[in-house]
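Below is one structure, written out as structure tokens; the observations come after it.
Hydrogens, waters and symmetry mates play no part in the numbers below; they use all other heavy atoms, side chains included. Chain letters run A, B, ... following the sequence lines, proteins first and then strands; every chain starts at 1. None of the values given here were measured: they were computed from a predicted structure.
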2 protein chains.
Amino acid sequence: MHLDKILSLETSPHNHLDISHIKSSCATCSLRELCLPVGLNEQEIQILGDVVSHKRKIQRGGYLHHTGTKFQSLFAIRSGFLKTCVLEEDGRQQVTGFHMTGELLGLDAISTEIHTCDAIALEDSEVCEIPFLKLEEISRVIPSLMRHFHKIMSREIVRDHGVMLLLGSMKAEERLASFLLNLSRRFLARGYSECDFNLRMTREEIGSYLGLKLETVSRAFSKLQEENIITVDNKHIQINDIARLRMKMGNTSCVT
Amino acid sequence: MHLDKILSLETSPHNHLDISHIKSSCATCSLRELCLPVGLNEQEIQILGDVVSHKRKIQRGGYLHHTGTKFQSLFAIRSGFLKTCVLEEDGRQQVTGFHMTGELLGLDAISTEIHTCDAIALEDSEVCEIPFLKLEEISRVIPSLMRHFHKIMSREIVRDHGVMLLLGSMKAEERLASFLLNLSRRFLARGYSECDFNLRMTREEIGSYLGLKLETVSRAFSKLQEENIITVDNKHIQINDIARLRMKMGNTSCVT
DNA sequence: AAATAGCTTTGATTCAGATCAATTAAACAG
DNA sequence: CTGTTTAATTGATCTGAATCAAAGCTATTT
């Protein structure tokens, strides 16, 4: 079994509504979330239960963490939608990622023990705090947990390389297609429709992430709609022809 | 002390010629390289000695690993200079990084256990192979090693975010300035001159990394030279005014 | 329900960088 | 040393995206 499903599910469908019925103490539910899919035994689950300490709610627009503050914990997203962004001295900010249920935030801060980005909720969200020192301790005892944690970090690196490719060599329309397909895939993995979803972020935030201006993003949306590949109604997106959307992306494989 | 100095030295000056006198068995020398700076005890060094198995030489133009092949080991660069690049279906390739002595390659492959990029030597190079399974085992026994390994992975994520920022929001000249300053800093950290060095890569490879065409890279070099900020003689670069080069970069901090 | 503020779209214009093209310079093999 | 290949520079032109500008639309507040 793969712990995959939980800390940062990517492969298997997993509706985040599923977890709503496991609503005992925070430790218990997070623990279940974290461990059940890995095939850990009861004792191991017990151990891990102590790691995932408390749960935090962040309102839309609220900060999970700020750049420059001390790093102590990773955060597993239980529900909601967040963006991470680095901010430049002049005040402008660049979005480095959008994050949804099951994903793990804070990996960048391990190196210096200072957060290198802001994490901001784009809708009301809930996260589990995972004290990093404890996670390290426990991963010594549970090898499969350590292994999985390493894979998660590595996957983040691969994802970033994908974005670098996108930013370095794709045109506006290709970038947007890639972005939409990426979202689509992640919604699907969580049990939602892959062809019908609502964007949580503004055109400006999409543009920031894709290295484009908001007007360009808007025009790219319109273009894809004109071609009947997607239907855009403000934040509501329908993918009418996913195959052609994939074509739009060029030959480049979909960014993780 | 920081293991930092070794696996991926960034902070402290460390001339890679220094290690030339430690030339016993591969295990021993790599082991010294890996451990001495971390302040591990003799027993721990002994343990780690078994991990870093054998040394490999790669000729200029040779591959350290290919995309799609099975991942088994990380590689610590002992000497030389390599690039990593992902290749698209249509044959074009994008450089995702340039790597020098002390840096660790292969982190991206941990997630799927398949290499996601090619690693190609830009000059004759030497690497130490570190079987990943063994590294994981041993890091359970030596917490400071595990901690350091996590920091290395995290640092790679931060570096990638820096490149994303560069690709997403900087102009050609700013990108080149940022690139040169990054190289400069890394040479300095290895005991070389920060203002006088030879590029190991072509304009095309720089362009690929920076999301620019080779002509644009060439023009940006010329521009910086016209302004007397640098002196370019083919692959040989002299930084005449590092302060002004930093200004060129805009307010953006230097990409790690 | 009206008012305000925040998004989004669309058009017109400008500009940075891509592309096309020609030359020069360096590296390499025979 | 000479011919050949590969890399780098520089110029001219073209183009995709940025910028500037003006509506139109949503959502939130009162």
Side-chain angles (χ1 to χ4, degrees), chain A residues 59-61 83 90 92-95 120 122-124 166-180 198-227 230-238 248-250, chain B residues 59-61 83 90 92-95 120 122-124 166-180 198-227 230-238 248-250:
Chain A
Q59 281 198 316
R60 184 163 178 276
K83 68 171 177 182
D90 55 16
R92 264 184 319 151
Q93 58 176 35
Q94 160 125 356
V95 173
I120 300 168
L122 296 179
E123 61 181 34
D124 292 357
L166 176 144
L167 292 170
S169 67
M170 288 170 69
K171 297 186 190 274
E173 224 182 308
E174 296 171 332
R175 295 185 198 192
L176 189 65
S178 178
F179 172 74
L180 289 175
N198 284 293
L199 300 174
R200 270 76 170 180
M201 70 295 281
T202 66
R203 303 290 190 259
E204 188 168 22
E205 286 164 333
I206 296 172
S208 174
Y209 181 61
L210 297 179
L212 302 169
K213 291 293 158 186
L214 69 96
E215 296 94 328
T216 308
V217 173
S218 179
R219 276 183 245 270
F221 270 123
S222 301
K223 184 90 185 303
L224 288 174
Q225 182 163 42
E226 271 168 39
E227 301 180 64
I230 62 174
T231 303
V232 185
D233 178 18
N234 209 20
K235 292 224 157 63
H236 180 234
I237 304 291
Q238 273 178 278
K248 278 283 163 192
M249 226 180 34
Chain B
Q59 281 198 315
R60 184 163 178 278
K83 69 172 176 181
D90 54 17
R92 264 184 319 150
Q93 58 176 35
Q94 161 126 355
V95 174
I120 300 168
L122 295 179
E123 62 181 33
D124 291 356
L166 177 144
L167 293 171
S169 68
M170 288 170 68
K171 297 187 189 275
E173 225 181 308
E174 297 171 331
R175 294 185 198 192
L176 188 65
S178 179
F179 171 74
L180 289 175
N198 285 292
L199 299 174
R200 270 76 171 180
M201 69 296 281
T202 66
R203 302 290 190 261
E204 187 168 22
E205 287 164 332
I206 296 172
S208 174
Y209 181 61
L210 297 179
L212 301 169
K213 290 295 158 186
L214 67 96
E215 295 95 328
T216 307
V217 173
S218 180
R219 277 184 245 271
F221 269 123
S222 301
K223 184 92 186 303
L224 289 174
Q225 183 163 42
E226 270 169 38
E227 301 180 65
I230 62 174
T231 303
V232 185
D233 178 18
N234 210 21
K235 291 223 160 61
H236 179 235
I237 305 291
Q238 272 178 276
K248 278 284 162 191
M249 225 179 35

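Under the side-chain contact (heavy atoms from CB on, under 4.5 Å) rule, B/Arg175 has a single partner from B/Leu180, B/Thr216, B/Leu167, which is B/Leu167. Considering A/Arg200, A/Lys235, A/Arg60 as possible partners of A/Glu123, the one that fulfils the salt bridge (charged side-chain N to carboxylate O under 4.0 Å, His left out) test is A/Arg200.
For the pair A/Glu174 CD and D/dG16 C1', the computed distance is 12 Å after rounding to whole Å. Spacing between atom CZ of A/Arg200 and atom P of C/dC7 amounts to 17 Å, rounded to whole angstrom units. C/dG6 atom P lies 14 Å from atom CD of A/Glu205, rounded to whole Å. Between A/Leu224 atom CG and C/dT8 atom P there is a gap of 16 Å when expressed in whole angstrom units. Atom CG of B/Leu199 and atom P of D/dT9 are 10 Å apart (whole Å). If you take NZ of A/Lys223 and P of C/dT9, they are 16 Å apart, rounded to a whole angstrom. Counting to the nearest Å, the C1' atom of D/dT9 and the CG atom of B/Leu212 are 16 Å from each other. Nucleotide D/dC25 holds its P atom 18 Å from the CD atom of A/Glu215, rounded to whole Å.
Closest contact between the side chain of A/Arg203 and the listed nucleotides C/dT8, C/dA18, D/dA7 involves C/dT8. Taking every side-chain heavy atom of A/Ser222 into account, C/dT9 is the closest of C/dT19, D/dA17, C/dT9. Which of D/dA18, C/dT10, C/dT8 sits closest to the side chain of A/Asn234 comes down to C/dT8. Nearest to the side-chain atoms of B/Val232 among the listed nucleotides C/dT19, C/dT9, D/dT9 stands D/dT9. Closest approach to the B/Lys235 side chain among D/dA8, D/dA12, D/dC20 is made by D/dA8 (side chain taken as heavy atoms from C-beta onward).
Between atom OH of residue A/Tyr209 and atom CE of residue A/Met201 there is a gap of 9.0 Å, rounded to the nearest 0.5 Å.
Residue contacts for A/Gly207: at a heavy-atom cut-off of 4.0 Å it reaches no nucleic acid atom on any strand shown. Across all strands, B/Thr202 comes closer than 4.0 Å only to sugar-phosphate atoms, never to a base (heavy-atom distances). In this structure, B/Leu214 reaches the bases: a heavy-atom distance under 4.0 Å links it to at least one base atom across the strands shown.
You won't find any donor-acceptor pair under 3.5 Å spanning the side chain of B/Arg175 and the base of C/dG17, going by distance alone.
When the side-chain nitrogen and oxygen atoms of B/Ser218 are compared with OP1 and OP2 of D/dT9, one or more of them lie within a distance under 4.0 Å. Distances shorter than 4.0 Å separate some side-chain N or O of A/Lys213 from OP1 or OP2 on D/dT19. A/Lys171 has no side-chain polar atom (N or O) that falls below the 4.0 Å cut-off from OP1 or OP2 of C/dA18.
Side-chain atoms of A/Ser218 do not come within 3.5 Å of backbone N or O of A/Leu214 as any donor-acceptor pair. Checked by atom type and distance alone, the side chain of B/Asp124 never pairs as donor or acceptor with a backbone atom of B/Gln59 at under 3.5 Å.
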Show the numbers, then the answer: is there a side chain to side chain contact (heavy atoms under 4.5 Å, CB included) between A/Leu166 and A/Phe179? CA-CA 9 Å; A/Leu166 176 144; A/Phe179 172 74; 5.7 Å; no

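Each of A/Glu204 and A/Arg219 was matched to the nucleotide of DNA chain C holding its nearest heavy atom; the match closer to the 5' end belongs to A/Glu204.
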